[in-house]
Structures are given as C-alpha cells and as structure tokens.
2 protein chains.
Amino acid sequence: MNSHLDKINDFTARLDIETLTALNAISVEKIFKKGNFLLRQDEVCKKSYWIEKGIARKYYLNDGKEITTELYFDNDIAVSFDSYCLQKPSREYIQALTDTTILQTDFGAFQTAKQQFPKLAKLDLMMTEYYAMWLEDRLFQFHTMDATHRYLKLIEDHPYIIQNIPLTFIASYLGISLETLSRIRAKK
Amino acid sequence: MNSHLDKINDFTARLDIETLTALNAISVEKIFKKGNFLLRQDEVCKKSYWIEKGIARKYYLNDGKEITTELYFDNDIAVSFDSYCLQKPSREYIQALTDTTILQTDFGAFQTAKQQFPKLAKLDLMMTEYYAMWLEDRLFQFHTMDATHRYLKLIEDHPYIIQNIPLTFIASYLGISLETLSRIRAKK
DNA sequence: CGACATATTGAGATCCATCAACCAATGTGG
DNA sequence: CCACATTGGTTGATGGATCTCAATATGTCG
C-alpha cells in the first residue's frame, strides 16, 4: 500500500524546476487557528489543502451527529473529494484541530497548470489512485475487523494519534461509540 | 454522485475517431463462461475488463471466507484496483456469475496510448475519480446505516440484483451474514 | 475556584453472528 | 425414473458485541 505513497514522493522529488515553479505560483501558505474551518458544509471545495504542520479532520453531520471521515497530519492532503472533483457544494466540513500551517492550491489554477505541465496531470492521477486505495483499505477494515481490531490497527499505524486527538473524534472515525472506545482502551 | 458518471459517458461519446480507434486497437472481446475467473488471487491484473453483457463479482478470501467487494453488471468496468495500478499480485478474484461478454484492455498498451492521446489520460482520471467517489459512498453506508438500510438502499439502486445474484454474495457484499439477510427479506 | 469539555463506568436493550436443523429445487448416475 | 447429492434459502435458539442512557469522574482553562 505505502509503496504507492513512495512512488508519489519519488515522483514529486524528481519534478523539474519549471513544473515546481508553476505549482508554487498557484499555491499560498495560510495558517488556521485551532477550531477554525478550512471548509464548511455547502461551500464548494475550491482549494486542495496540503497540511504542512498541524492536525485537521474532515467530518459530516448525520442526524445531527458528527461523523469523522478522515484525520490529517503533517504532509497529508485534505479535500472534500466529491466537492473538489465536481466543484459542487460539500457535505463535509474540514476543521483544524490544532493551529495548522497549510499550503493551499487553487482548483481552477491547477486544472490550467495541468494542461501546460503534463507531470502535474500525472501527479493528480497518482494522488487520486492513492486515495482510492486508502478508501479500499478502510472499507476492508470495516468489512473484516471488529471495533477492537480497528482501534489496534489505527494506533499501530498512527501511534501519535491518541496523544493529539480527542477520543470523540477517534471513536467516530472508527465507526464506534465513544463509550465502546473507552472500554477497549481500558482493557489493553 | 451519478452526475460524474454522466460526465464520463458524455466525454466518451464525444471522443474523436483517432482516439477511439486507438482504444479499439488495444482492446479484445472475450467471453467468460459462468463460474470462470477473469482474474485469480496472486495474479497481476494486467487488463481492465469492460463488462459488455453479463454479471460478475470481485471478492477476496478472509479466514477462508469469501468477501464480495463489488458486483458488476452491463457497462461496468472491473479491475482489482491496487493490483492494476501497481501491477502487483492481486488479493482479489474476479469471477463471472453468468456467461459474460467482456472487452478487455491491456494495461501496458493503455499507458502507452495515454501518452499519445491525452483524452485517454483524462478518461483514466475521471474513471479513477468515479471509483473513489463510489468507495466514499460505500464507506458512508457502512458508517451510517444498519444491515436493513444497506439492503434497502441496494435494491433501490439495483432492483434487478435480487433476481440475478445468489443471496450469499449479496449478504457478503453488504457485510452481513446470509441468515440475517434472509430475515431482513422475510420481514418486508 | 468554578465551569465546561472530555473521559470513564454501569446496566439494560438491541443488533447481528453463529450453529444447527430443515426445506425446496435441480441435477446426476445407475 | 428413482435415489441421492448439491446448491440455495429459511427458520429457531443462543450468545456476544456494541449502543444507548445515565451517573460519575477527571481535566483544563479562564
């Protein structure tokens, strides 16, 4: 799985200066304070957000309850995927959980840049593929693992997660109740 | 969600003759008998399979038990995604559930063709995006709906499914046991 | 210190899996 | 054309995992 991420990193590391310059030209650094929103429901996701430093989460409301769909750390890229691809209103919120430094890239400008710099188009495809594989893996976990195993897998992959993120968000990310998560943690 | 599929159909409908000819040149029609495998575990998925007519499923083995991850009908495209993208051995099987006519396209030839015909590259991205959105939606269902609602959603989206596919596969696709599915059906 | 968010713990209810028996339709070999 | 196996589906009893509601505890920060 991570071999694809390696491929992406390798690919970006080898980008020629012209392509990199073009990418920089359409990107802006921004800082979001803890609790602030990079994106809200019903807004169109017009930027991709590269998390330089900090923690963020993506979530939506279902029956008034927040369901966390993704957690972001350093070097992750955050978008509300269908809103970004289709440029339609987002069902999801993206929120900074700590003070977070972000490099945001404009959707429209990126589409234009892709036409001039084919490597950016290639990069776009690779990142989309990576996201699809990540989703497949997450689905696999929901399909085959119970709450305890999903939790163990999560802290195995991201040990630092428990120090930095409130349990409520982790529980909802794992698709279990806060109470169940608390009990799982009490046991082991 | 389906607006993206519309976009794809619209896009393919408008492809120029040169691009279409190139695509045809690297595609072959094949027929698989009911029960036969388009792809087995540990093989590399070197083709994409466009289902012209018939039904197929994708599944993997977990603890010796089959878990169905996707069901395919007319005009769906089947691949074992990570095996196809990374050209590494597949965890998944793809199997014809009826006699099935398929247009298969070679991975390597398609990569080459993409360089010559940018519209194929665009198409590749669009289809990958569509798959990611489909996965997001499926994850959403696992996250928010119980067995009954997942079943009702499935027959709402694909009413013909129950006439054509054994309950065992549908149950495992929904992430529930055969018995539970049977009881759900008995009720409503 | 007080106040509000965050986490733990307990008890009961609910969903669903598992195991096992059973049934109906279909196919096959003798 | 019958005896029997196979496949696909149903039904019942039981237990385990997890949710919900509610009470209590622990933080954390003004």
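Letters go in sequence order (proteins before strands), and every chain restarts at 1.
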- Are A/L154 and A/L152 joined in one hydrophobic group, where the rule is that I, L, V, M, F, W and Y side chains link up if heavy atoms are under 4.5 Å apart?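 Looking at the clustering, A/L152 is in the same group as A/L154.
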- Message: Quick check on the hydrophobic clustering: are A/L86 and A/L125 connected, directly or via other members, by side-chain heavy-atom contacts under 4.5 Å?
- Response: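 No: no chain of side-chain contacts under 4.5 Å links A/L86 to A/L125.
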When the distance from [atom1] of [X] to [atom2] of [N] is rounded to whole Å, what number comes out?
| X | N | atom1 | atom2 | answer |
| --- | --- | --- | --- | --- |
| B/I170 | D/dT10 | CD1 | P | 11 Å |
| A/K187 | C/dT8 | NZ | C1' | 14 Å |
| A/L181 | D/dT18 | CG | P | 12 Å |
| A/L167 | D/dG27 | CG | P | 13 Å |
| A/R185 | D/dT18 | CZ | P | 16 Å |
| B/Y151 | C/dC15 | OH | P | 18 Å |
| B/F169 | D/dG8 | CZ | P | 7 Å |
| B/I165 | D/dT7 | CD1 | P | 19 Å |

- Task: Strictly below 4.0 Å, heavy-atom distances to any atom of DNA chain C: list the hits from residues 58-71 of chain B, or just say none.
- Result: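 Output list: B/K65.
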- Item | Base D/dG12 paired with B/R183 side chain (donor-acceptor, <3.5 Å) |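 Side chain to base: pair found, below 3.5 Å.
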- Query: Side-chain donor or acceptor of B/E179 under 3.5 Å from a matching atom on the base of C/dC19?
  - Reply: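 Result: at least one qualifying N/O pair found.
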Nearest to the side chain of [X], heavy atoms from C-beta on, is which of [options]?
| X | options | value |
| --- | --- | --- |
| A/S182 | C/dT8, D/dT18, C/dC16 | C/dT8 |
| B/D146 | C/dC16, C/dT9, D/dT18 | C/dC16 |
| A/P166 | C/dA17, D/dT10, C/dA7 | C/dA7 |

- Message: Assess the residue pair A/Y93 and A/F37 against the criterion (ring pair (Phe, Tyr, Trp, His ring centres under 6.0 Å)); give the C-alpha distance rounded to whole Å, side-chain angles, the decisive distance to 0.1 Å, and a yes or no.
- Response: CA-CA 7 Å; A/Y93 298 80; A/F37 289 89; 5.7 Å; yes
- Message: Pair A/K119, A/F11 - check side-chain contact (heavy atoms from CB on, under 4.5 Å), show working.
- Response: CA-CA 9 Å; A/K119 284 182 184 168; A/F11 186 80; 4.1 Å; yes
- Query: Does OP1 or OP2 of D/dT18 have a side-chain N or O of A/S177 closer than 4.0 Å?
  - Reply: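 Indeed not, no polar side-chain atom of A/S177 lies that close.
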- Taking only N and O in the side chain of A/T168, is any of them less than 4.0 Å away from OP1 or OP2 of C/dA7?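 It does, given that an N or O in the side chain of A/T168 lies less than 4.0 Å from OP1 or OP2 of C/dA7.
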- State the CD-CZ distance between A/E136 and B/R138, to the nearest 0.5 angstrom.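 Here the rounded value is 10.5 Å.
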- Message: If we count only N and O atoms by modelled type, under 3.5 Å, do the side chains of B/S80 and B/E92 hold a donor and an acceptor together?
- Response: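 Their side chains do contain a donor-acceptor pair, which is all the 3.5 Å distance test asks for.
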- Distance-only, no hydrogens or angles: does the B/D106 side chain make a donor-acceptor pair with backbone N or O of B/G108 under 3.5 Å?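 Confirmed, B/D106 side chain pairs with B/G108 backbone.
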